[in-house]
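The model shown is predicted, which means the values in this text are computed figures rather than measured ones. Below, chains carry the letters A, B, ... as their sequence lines are ordered, and counting in each starts from 1.
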Number of protein chains: 2
Amino acid sequence: MKMDKKKAVLQSYEMVRDKILNGQLQSGEKITEEKLAADLGFSRTPIRDAIKRLEYEGLIINKKVVKPTDKDLRNIFQVRMLLEGYSARCAAIYSSADQLSTLAECVEIGKSGSYDEIMDANEKFHQIIVQTSGNDRLIDTINRMQSIIYLFRKTVVFYNRPFLIEEHEDIFNAIRDRQPERAEELMKQHLEKDLDFCLHLINSQN
Amino acid sequence: MKMDKKKAVLQSYEMVRDKILNGQLQSGEKITEEKLAADLGFSRTPIRDAIKRLEYEGLIINKKVVKPTDKDLRNIFQVRMLLEGYSARCAAIYSSADQLSTLAECVEIGKSGSYDEIMDANEKFHQIIVQTSGNDRLIDTINRMQSIIYLFRKTVVFYNRPFLIEEHEDIFNAIRDRQPERAEELMKQHLEKDLDFCLHLINSQN
DNA sequence: TTACATTATTTTGTATACAATTTATCTATA
DNA sequence: TATAGATAAATTGTATACAAAATAATGTAA
């Protein structure tokens, strides 16, 4: 049996990322390699790599935990609309029976699941659709935005955005009925509403 | 006066990248940190960082210089069509007088410039259009693909693809005449032709 | 006091040594 | 000969020390 201890870089990356995502490291907070290294019990070397990866994902900028502005949020969602809209179109054309039934499951769980289950199902819903594009570049681009997206998806689900599940269902139906144009359009609208909801929340909080 | 010697990471990154782009490091070739370090006269530490960055850009995969397949090429161009198509639309709506005249210049140089000038002008043409989106995420996503795109743009210009300049001119006209739909459509068609040309070249060479 | 220059201090960049892991080579056995 | 296992070689991962650079603090002249 293989123990496969995770390497220090990976551990560091995941720990720091999670600290950012759950708020232990707050927006705007300064990151220093040495401090983190001491904190996590590794040397600076793997920490550096981890930070670089987080910078790559946009969670850290200039050694500071990112504080996404309205504009950032809009930008991210604009890219998502383009790429995921296209993906939804692909899903309507190419998705397999398996993929369809998994999508259906996600919609169901969205209606009746627990908080965590809903979180997972929603993420999976989008993920499967993106997969159907069969385009690794596209998938990679979306994945890179995933952490920041997660930051907001949490908000959306936590505050229980109205019609979210219904919209997923509509998208699913369009995909199942093989209506590419409609699937794309619905996905774009769906993301636009997510964006508006997020923006509204952010601006009412500050 | 400030001397600002470039740091070893940056130097390494640029040197390795250029070696890949101009063929000194060939597709499929194995990269080892130590060998590169000895070659470039740095220690392994900055080399590692440089390699990681090249991996992010997709020029190195699994410690090997990337050998883009047809599928990779198609994937990249699909993403470009989505993002640059959208950008062309933005350009038709938002571009400034300055941006327009620079675009016009690029088209002109494309008609009468030297090989190097044409290369630069073509790159600039696309870059300006992408800028008009005002979306840093989108710009960043395109820039990350830039190295690999460059690899192919060289081919396209070198073999003097027919109608390339004419297509740029058409796109420019649509932008200047504030026709967003048309600009987007033309940009997509333009990229599709680039893709076909590249694919054709690649497959006739091997 | 303000502004500037100078000095400390912190933080990052680089080199190097060693550990862990992966990959290649070799040998014994079926 | 092929294959599994062991051993050696190459390569990567991590820790640490020191150099360079950036940032903060201090003092001094206007």
Engineer: Is A:Leu36 touching bases, backbone alone, or none of the nucleic acid, heavy atoms closer than 4.0 Å?
Structural biologist: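 Nothing, no nucleic acid heavy atom in range.
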
Engineer: Whole angstroms only, please: what is the CG-C1' distance between A:Asn62 and D:dA22?
Structural biologist: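 Going from A:Asn62 (CG) to D:dA22 (C1'), I get 13 Å.
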
Engineer: If I take atom NZ in residue A:Lys6 and atom C1' in nucleotide D:dT14, what distance separates them, rounded to the nearest angstrom?
Structural biologist: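 Computing the A:Lys6:NZ to D:dT14:C1' distance gives 18 Å.
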
Engineer: Consider only side-chain N and O atoms of A:Ser133 and A:Arg89, and report whether a donor and an acceptor are under 3.5 Å apart.
Structural biologist: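 Short answer, no.
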
Engineer: At under 4.0 Å, does any side-chain N or O of A:Ser43 touch on OP1 or OP2 of D:dA15?
Structural biologist: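 For A:Ser43, the contact criterion (side-chain N or O under 4.0 Å from OP1 or OP2 of D:dA15) is met.
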
Engineer: Just the rounded figure in Å: distance from P of D:dT12 to CG of A:Leu10.
Structural biologist: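 In whole Å, D:dT12 P lies 18 Å from A:Leu10 CG.
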
Engineer: If I take atom CZ in residue B:Phe42 and atom C1' in nucleotide D:dA19, what distance separates them, rounded to the nearest angstrom?
Structural biologist: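 Whole-Å distance recorded here is 15 Å.
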
Engineer: Output the single nucleotide from C:dT12, C:dA17, C:dA15 whose closest atom is nearest the side chain of B:Arg44.
Structural biologist: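 Per side-chain heavy atoms of B:Arg44, the pick is C:dA17.
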
Engineer: Among C:dT12, C:dA15, D:dT11, which nucleotide sits nearest the side chain of A:Glu33?
Structural biologist: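 Nucleotide nearest to A:Glu33's side chain: C:dT12.
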
Engineer: Mind calculating the distance between CD (B:Glu34) and P (D:dG13) to the nearest angstrom?
Structural biologist: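 Going from CD in B:Glu34 over to P in D:dG13 covers 13 Å.
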
Engineer: Could you tell me whether A:Lys64 and A:Glu29 make a salt bridge, using a distance below 4.0 angstrom between a side-chain N and a carboxylate O?
Structural biologist: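 So A:Lys64 does not pair with A:Glu29 through a salt bridge.
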
Engineer: So B:Ile47, base contact, sugar-phosphate only, or nothing? Heavy-atom distance under 4.0 Å.
Structural biologist: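 It contacts nothing in the nucleic acid.
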
Engineer: Using 4.0 Å as the upper bound for N to carboxylate O, is an ion pair formed by B:Lys63 and B:Glu33?
Structural biologist: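 The answer is no: the pair does not qualify as a salt bridge.
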
Engineer: Can A:Asp49 and B:Arg48 be counted as an ion pair, charged N to O under 4.0 angstrom?
Structural biologist: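 B:Arg48 and A:Asp49: salt-bridged.
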
Engineer: Over how many whole Å does the gap from A:Asp49 atom CG to C:dG13 atom P extend?
Structural biologist: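 For the pair A:Asp49 CG and C:dG13 P, the rounded distance is 12 Å.
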
Engineer: Write down the distance between CD1 (B:Ile60) and P (D:dT12), rounded to a whole number of angstrom.
Structural biologist: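 To the nearest whole Å, that distance equals 11 Å.
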
Engineer: Go through D:dG13, D:dA15, C:dT14 for me and flag the one nearest to the A:Thr45 side chain.
Structural biologist: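 Between D:dG13, D:dA15, C:dT14, the one nearest the side chain of A:Thr45 would be D:dA15.
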
Engineer: Given that A:Lys30 and B:Lys63 both sit by DNA chain D, which one's nearest nucleotide is further toward the 5' end?
Structural biologist: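 Final value for this comparison: B:Lys63.
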
Engineer: Report the distance from atom CD1 of B:Ile149 to atom CG of B:Asp194, rounding to the nearest 0.5 Å.
Structural biologist: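 B:Ile149 atom CD1 to B:Asp194 atom CG measures 10.0 Å (nearest 0.5 Å).
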
Engineer: For B:Arg48 and D:dG13, is the shortest distance between a side-chain N/O and OP1 or OP2 below 4.0 Å?
Structural biologist: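 Indeed, a polar side-chain atom of B:Arg48 lies that close.
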
Engineer: Between atom NZ in A:Lys64 and atom P in C:dT12, what is the gap in whole Å?
Structural biologist: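 Going from A:Lys64 (NZ) to C:dT12 (P), I get 12 Å.
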
Engineer: Let me know, please, whether A:Thr32 or B:Gly41 comes out on the 5' side of the other along DNA chain C by nearest nucleotide.
Structural biologist: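 Of the two residues, A:Thr32 wins.
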
